[in-house]
S.K.: 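Quick one: this structure, given as structure tokens, is what I'll be asking you about.
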2 protein chains.
Amino acid sequence: MTNQNNEITYSIGELAKEFDITPRSIRFYEEQDLLSPERTGQTRIYCNKDRVRLKLILRGKRLGFSLAEIKNLFELYDSNANSMLQLQAMLQMTEQKRAILRQQLDDIQMLMNELDEVEKRCRDELADLQKRGS
Amino acid sequence: MTNQNNEITYSIGELAKEFDITPRSIRFYEEQDLLSPERTGQTRIYCNKDRVRLKLILRGKRLGFSLAEIKNLFELYDSNANSMLQLQAMLQMTEQKRAILRQQLDDIQMLMNELDEVEKRCRDELADLQKRGS
DNA sequence: CCTAACCCTAACGTTAACGTAAATCAATTT
DNA sequence: AAATTGATTTACGTTAACGTTAGGGTTAGG
């Protein structure tokens, strides 16, 4: 559907289906102040900006951020931060997040290496079994 | 300390301090069958293999795996899987994990880009403020 | 002998992120 | 008109991963 400005809009059910989550989750994110869709009467109407935000929430979750942390990132991102202090606090936060992400990259690298080894061992054993079997 | 084979061993407190977690957590991992240290009477004695496993547990957690999933990975890794079926199931699991890790790498890349932008905006604003201030 | 610093078990408490059920309302479809 | 479909609120239930007492045992030092 489209709204009065001819923008595309979505119902809660549509977004739930698209991202494979339940409407309950989406309402919960709103309850936690991560979303604030328009309403028509009682019914929630999501615009494209809301949809992008939802996508960001889910990405954050995949990375192991809590909803509270995600909210912080949003506030950090949205705030038209104007005081020096706020800006510096913000830079500090981004640096913290960056450190976590770097750690995760390391972890993933190690884990992938280990998976490689496991897989190799498996393939060897499989080849072995097939030799004997034939 | 060392055990009868002259291997290095650790108390629960030592490991807790080294990895910056509580003894309670370590005991909990044991309760979930992720660790099984020796005992001297009631007291737990951890060998180097246990220590490595603990390190793996924590790495898994950082990547957002549940303890149950980590246990699965261990069983997958430990099992002297000898039947074709087991081996193939194993390869399937590693592929699944790999997909998740790839997704996380993508997510991290995007998030880092976004952090870059936020940071850049911040630095610009900061420079701006300093110009006016001087 | 007393205290401090470790270790132990058992069991109840807590937080995050929803799930689920009940009761209701509005718009279509049959 | 009745039924289906999808929306709403309210509120209690659930799971994971520990935290937090409570109660008790053991060794080293003063």
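In what follows, chains carry the letters A, B, and so on, assigned in the order in which the sequence lines appear, proteins first and then strands, with residues in each chain numbered from 1. Since this is a predicted model, take the numbers as computed values, not measurements.
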S.K.: Just by modelled atom types, is the B:Gln104 backbone N or O under 3.5 Å from a matching donor or acceptor in the A:Arg62 side chain?
M.R.: no
S.K.: Let me know, please, whether A:Gly13 or B:Thr22 comes out on the 5' side of the other along DNA chain D by nearest nucleotide.
M.R.: A:Gly13
S.K.: Are more than 12 heavy atoms, taken from residues, nucleotides or ligands other than A:Asp128, located less than 6.0 Å from that residue's CG atom?
M.R.: yes
S.K.: Counting N and O atoms only, with roles assigned by atom type, does the side chain of B:Ser11 sit under 3.5 Å from a partner on the main chain of B:Glu14, one being a donor and the other an acceptor?
M.R.: yes
S.K.: Could you give the start and end, 5' to 3', of the contact zone on DNA chain D for chain B, using atoms under 4.0 Å from its heavy atoms?
M.R.: D:dA17 to D:dT20
S.K.: Backbone N or O of B:Glu69 within a donor-acceptor pair of the B:Ser66 side chain at under 3.5 Å?
M.R.: yes
S.K.: How long is the line joining CD1 of B:Ile26 and C1' of C:dC7, in whole Å?
M.R.: 13 Å
S.K.: Can you list, by residue number, the residues of residues 40-59 of chain B that have a non-hydrogen atom closer than 4.0 angstrom to DNA chain C?
M.R.: B:Gln42, B:Thr43, B:Arg44
S.K.: Between A:Leu56, A:Leu58, A:Leu34, which is the residue that forms a side chain to side chain contact (heavy atoms under 4.5 Å, CB included) with A:Ile70?
M.R.: A:Leu34
S.K.: Compare all side-chain heavy atoms of B:Leu54 with those of B:Ile21 and state whether any distance is below 4.5 angstrom.
M.R.: yes
S.K.: Looking only at heavy atoms, what is the nearest atom pair of B:Arg102 and A:Met112, with distance?
M.R.: N-CE, 4.1 Å
S.K.: For A:Phe28 and for B:Glu14, find the nucleotide of DNA chain C with the closest heavy atom, then tell me which residue's nucleotide is more 5'.
M.R.: B:Glu14
S.K.: Go through the steps for B:Lys55 and A:Glu114 under the test salt bridge (Lys or Arg N to Asp or Glu O under 4.0 Å), then give the verdict.
M.R.: CA-CA 14 Å; B:Lys55 199 187 290 187; A:Glu114 279 157 30; over 6 Å; no
S.K.: In whole Å, what is the span from the CD atom of B:Glu31 to the P atom of C:dC8?
M.R.: 13 Å
